[in-house]
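These notes concern the structure reproduced below.
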Amino acid sequence: MHRGKFYILLMALCLCSIVWIIFCINTQDGQGLWQGCLSKQILHIPCPSCGTTRSVISIIKGDFLNAVLINPLGYIAIISLVIIPIWIIFDCSTGKSTLVNTYYACLRFIKKAYIYIPLIILTICNWIWNIVKYT
């Protein structure tokens, strides 16, 4: 993918996520508009990322322990939402492609079995955690 399109896509995803989080904070976690994960709505089974928005909101409100208990992925999400826009602005202002290069380096790194197998196991553990706490 071309660098410009990649950055536009990432920035759009970050901005949409930030707008969604602000909306959820201001409307009691989005109740009334969206009632949570589609997987949970249809299959009655939470997905591995269920609760990520609530976790991010807990982090923003300073409730760090509750954020971990809701879903640890909230920490990855909020760190990404802070770092990625800053990184894109840096790259665009300097004419560099460090974010794209890092992205492709991470893809190459994750393709190694000793990396992706533990990541899959962690994702499954998080999914089991979500299923257990929501049932």
Side-chain angles (χ1 to χ4, degrees):
M1 181 183 292
H2 183 266
R3 181 191 110 150
K5 288 181 181 179
F6 179 74
Y7 285 177
I8 289 169
L9 176 64
L10 272 181
M11 191 61 92
L13 288 172
C14 286
L15 289 174
C16 287
S17 299
I18 291 167
V19 167
W20 175 251
I21 291 165
I22 291 168
F23 174 79
C24 290
I25 289 172
N26 292 324
T27 59
Q28 311 228 312
D29 297 334
Q31 295 301 317
L33 176 69
W34 180 256
Q35 297 298 320
C37 175
L38 195 56
S39 169
K40 194 172 173 187
Q41 294 289 322
I42 295 171
L43 303 174
H44 305 289
I45 299 171
C47 72
S49 64
C50 271
T52 302
T53 301
R54 288 181 289 119
S55 178
V56 168
I57 291 169
S58 291
I59 294 167
I60 291 169
K61 292 181 177 180
D63 192 356
F64 304 113
L65 178 59
N66 193 40
V68 171
L69 297 175
I70 293 171
N71 195 328
L73 294 177
Y75 280 95
I76 294 171
I78 199 161
I79 289 168
S80 298
L81 289 174
V82 170
I83 291 174
I84 289 173
I86 294 169
W87 202 340
I88 290 171
I89 292 167
F90 170 79
D91 272 4
C92 289
S93 65
T94 61
K96 296 183 179 182
S97 298
T98 60
L99 179 56
V100 173
N101 295 338
T102 302
Y103 171 74
Y104 286 119
C106 287
L107 285 181
R108 286 189 301 276
F109 182 69
I110 288 172
K111 287 182 181 179
K112 297 174 182 171
Y114 66 91
I115 299 298
Y116 72 78
I117 291 173
L119 288 176
I120 290 170
I121 291 169
L122 283 171
T123 302
I124 291 170
C125 289
N126 192 50
W127 194 4
I128 292 168
W129 164 251
N130 273 342
I131 292 170
V132 167
K133 72 180 176 191
Y134 286 118
T135 55

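- Here the side chain of Arg3 pairs a donor or acceptor atom with the backbone of Lys96 at under 3.5 angstrom.
- Put simply, OG on Ser58 and CG on Asn71 are 11.0 Å apart, with the number rounded to the nearest 0.5 Å.
- How far OG of Ser80 is from CH2 of Trp87: 10.0 Å, rounded to the nearest 0.5 Å.
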Step-by-step side chain to side chain contact (heavy atoms under 4.5 Å, CB included) determination, Ile124 to Ile121: CA-CA 5 Å; Ile124 291 170; Ile121 291 169; 5.7 Å; no
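- In terms of heavy-atom proximity, Gly74 sits nearest to Val56 at O-CG2, 3.5 Å.
- Each of Leu122 and Tyr116 belongs to its own hydrophobic cluster when Ile, Leu, Val, Met, Phe, Trp and Tyr are linked at side-chain heavy-atom distances under 4.5 angstrom.
- Put simply, Ile21 and Val19 are part of two different groups of oily side chains (I, L, V, M, F, W, Y) that touch within less than 4.5 Å, one to the next.
- Leu10 and Val82 are assigned to two separate hydrophobic clusters, defined by single-linkage of ILVMFWY side chains at heavy-atom distances under 4.5 Å.
- With hydrogens and angles disregarded, no donor-acceptor distance shorter than 3.5 Å links the side chain of Trp20 to the backbone of Leu15.
- With Asn130 contributing its side chain and Cys47 its backbone, the two residues share a donor-acceptor pair below 3.5 Å.
- Ile57 has its side chain within reach of Cys24: a pair of non-hydrogen atoms, C-beta onward, lies under 4.5 Å apart.
- Contact record, Asn126 with Pro72: OD1-CD, 3.4 Å, taken as the closest heavy-atom pair.
- Rounding to the nearest 0.5 angstrom, the gap separating the CE atom in Met11 from the CD1 atom in Ile18 is 8.5 Å.
- To the nearest 0.5 Å, the span separating OH on Tyr104 from OG on Ser97 amounts to 10.5 Å.
- When all heavy atoms of Leu81 and Ser17 are compared, the closest pair comes out as CD2-CB, 3.7 Å.
- In plain terms, the two heavy atoms of Thr98 and Tyr7 that are nearest each other are N-OH, 4.1 Å.
- Using the six-membered ring where Trp is involved, Tyr114 and Phe109 have ring planes that are perpendicular, over 60° apart on the 30 and 60° scheme.
- Connection of Leu99 to Ile89 is established within a shared hydrophobic cluster, with ILVMFWY side chains joined at heavy-atom distances below 4.5 Å, either directly or through further cluster members.
- Here the straight-line distance linking atom CD1 of Ile83 with atom CZ of Phe90 works out to 13.5 Å at 0.5 Å rounding.
- Shortest non-hydrogen contact noted between Thr52 and Ala77 is CG2-CB, 3.9 Å.
- Residues Ile110 and Leu107 are not in side-chain contact: their nearest non-hydrogen atoms beyond the backbone lie 4.5 Å or more apart.
- For the pair Trp127 and Pro46, the tightest heavy-atom approach, listed with the atom from each and the gap, is NE1-O, 2.6 Å.
- Formation of a donor-acceptor pair under 3.5 Å by the Tyr75 side chain with backbone atoms of Phe64 is found in this model.
- Atoms CG and OG1, on Asp91 and Thr102 in that order, are 8.0 Å from each other to the nearest 0.5 Å.
- Residues Trp129 and Ile45 are members of separate hydrophobic clusters, defined by side-chain heavy-atom contacts under 4.5 angstrom among Ile, Leu, Val, Met, Phe, Trp and Tyr.
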